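A short worksheet on the structure shown next.
In what follows, residues are counted from 1 in the order of the sequence shown. These numbers come from a predicted model, not from an experiment.
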Amino acid sequence: MPHRYRDLHPRCHEYRTKNIDKTQYPTIAENCTTISWEYANETNNFGNCVNITKDDEFMYVTSNNVPDFYMNLYCPIGLGFGYCTQSEKDKGTCMFPNLICGGDNGPGALKYGDVWVPNEANYKIPLKGNPTRSDRPGDMYDAETVGGEKTIGPSTGVAINGIGIQGPNDAGDFSIDEGGFQLACGGHVTPPLGNVAPGSDPGPGGPPLYHFHKSPECLEPFKNASIGYAHGAQPYVHAKLIGWAMDGFKIFAYQDVDGAAPIVDECGGHFGPTDTGEIEYHYHSRPIVPYHLACQGPSLSNCARTQRGTNFCHPGCGADVCVQPGTKEGDLREYLDKWDQHGLTNIP
């Protein structure tokens, strides 16, 4: 008789849009949802499929949740071991107490570790985030408040390759680093629960779902600065786009203008020029918690009220609104006036 596992992380399903109009979304080829890890390689983009369309207000993303790079067999703690930290076991909060990596755990569970199983995902994201909304900061997992949709509940956004960007914690209340999990390219797969009824939902309750938590440093926007100056790296320009948060704000790689460190708020975002020179509120990926974002900003020094359980807020810049040094005030005011001339009055 298959084991049943407790879903102690309601965000896996609570924030998933229950009913979406699939006709709004672009399609992907039929073989995108049947490709297997064993046959994914550089000749077929490693099995990755993503299609993005736009209308006047929203971007629509359809992907198969397969990374566009090679993924090694994965066991979070080691072959023959389980999927929970010792602290989770001690507290009785382990979601998968009887699951052993390398066992017969259904689709995606192989003899020497777990691999991804394709599963179609959909994201509807505003083309432009509004930093003057009166309900900011927002919950990092929310999509509905800004008119968005998503079929992967714990995603806080989506990367340029169609892979969901999840929050800083894994299934429990520990960040990836605190839990001691080692993630190649910032991502991994969820535990293989395909043998657990009903076994149809991606993530907890279904086959292994690939996703990011930390910075996906193998993607081109990160390599743009890291491959070495003699090889064409550009470490002294604003980082390139790596994805979009569910609130419509863009997420960029590490560096800001002139290669400077971004001065961000508690959510992980700030106002300033991007790689195009345009002033806007945006997030930056970073190698420390919250990795991408802890709330939907601007934070206005209120990130903590958006957290449920462990507080993953960034320490921030010490002000309600964080503006990257060197940003021209006139350009910033012009950007804000597009939304609400009186929406943000606490700019330092």
Side-chain angles (χ1 to χ4, degrees), residues 1-7 9 12-13 16 28-42 44-50 62-84 94-122 150-155 158-159 161-166 170-172 176 179 181-214 216 218:
M1 178 177 177
H3 294 292
R4 286 186 177 273
Y5 299 95
R6 294 174 295 162
D7 189 348
H9 197 0
C12 292
H13 305 298
R16 183 183 59 194
I28 52 178
E30 185 175 345
N31 67 338
C32 291
T33 54
T34 59
I35 183 78
S36 64
W37 174 83
E38 292 91 336
Y39 297 102
N41 53 63
E42 63 180 359
N44 56 13
N45 201 32
F46 296 96
N48 171 264
C49 297
V50 59
T62 300
S63 81
N64 66 347
N65 280 299
V66 173
D68 55 348
F69 49 84
Y70 181 74
M71 177 200 158
N72 290 311
L73 292 157
Y74 179 74
C75 284
I77 298 174
L79 187 64
F81 289 82
Y83 291 80
C84 297
C94 177
M95 292 174 59
F96 327 103
N98 303 305
L99 197 67
I100 301 298
C101 193
D104 181 13
N105 299 315
L110 305 183
K111 182 178 179 180
Y112 294 108
D114 303 329
V115 297
W116 49 256
V117 172
N119 190 293
E120 184 172 311
N122 300 110
K150 56 177 175 173
T151 55
I152 307 296
S155 291
V158 62
N161 62 354
I163 299 298
I165 299 172
Q166 297 195 10
D170 204 25
I176 292 298
F181 301 116
Q182 302 300 309
L183 307 187
C185 197
H188 66 169
V189 290
T190 53
L193 301 178
N195 286 344
V196 181
S200 58
D201 290 334
L209 177 78
Y210 191 86
H211 58 281
F212 294 130
H213 285 285
K214 300 188 68 175
C218 65

Inset, instruction - Indicate yes or no: at least one non-hydrogen side-chain atom of I152 is less than 4.5 angstrom from one of H211. - result: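 They are not in side-chain contact.
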
Legend entry - Note, Y83 side chain near L193 side chain (heavy atom, < 4.5 Å):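 Side-chain contact under 4.5 Å: no.
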
What is the minimum heavy-atom distance between [X] and [Y], and which atoms define it?
| X | Y | result |
| --- | --- | --- |
| P192 | P208 | CB-CG, 3.7 Å |
| P118 | T33 | CG-O, 3.6 Å |
| G164 | N65 | N-OD1, 4.2 Å |
| F96 | C84 | N-SG, 3.9 Å |
| D68 | F46 | O-CD1, 3.6 Å |

Who are the side chain to side chain donor-acceptor pair (under 3.5 Å) partners of [X], not counting sequence neighbours?
| X | result |
| --- | --- |
| D104 | none |
| K214 | D177 |
| N45 | N48 |

Inset, instruction - Nearest 0.5 Å please: distance from the CG atom of N119 over to the OG1 atom of T151. - result: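 Between N119 CG and T151 OG1, I get 7.5 Å after rounding to 0.5 Å.
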
Legend entry - Parallel, tilted or perpendicular, as decided by the 30° and 60° cut-offs, for the rings of Y74 and H188: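 The arrangement is perpendicular - the two ring planes meet at more than 60°.
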
Legend entry - More than 12 heavy atoms from other groups under 6.0 Å of CD on E38: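 Yes, because the 6.0 Å sphere around CD of E38 holds more than 12 heavy atoms from other groups.
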
Legend entry - Exceeds 12 heavy-atom contacts within 6.0 angstrom, atom OH of Y112: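 It does not: Y112 OH has 12 such atoms or fewer within range.
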
Inset, instruction - Using atom types as modelled and distance alone, determine if a side-chain donor or acceptor of D114 lies under 3.5 Å from a backbone N or O of P191. - result: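 Here the side-chain-to-backbone pair does not exist.
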
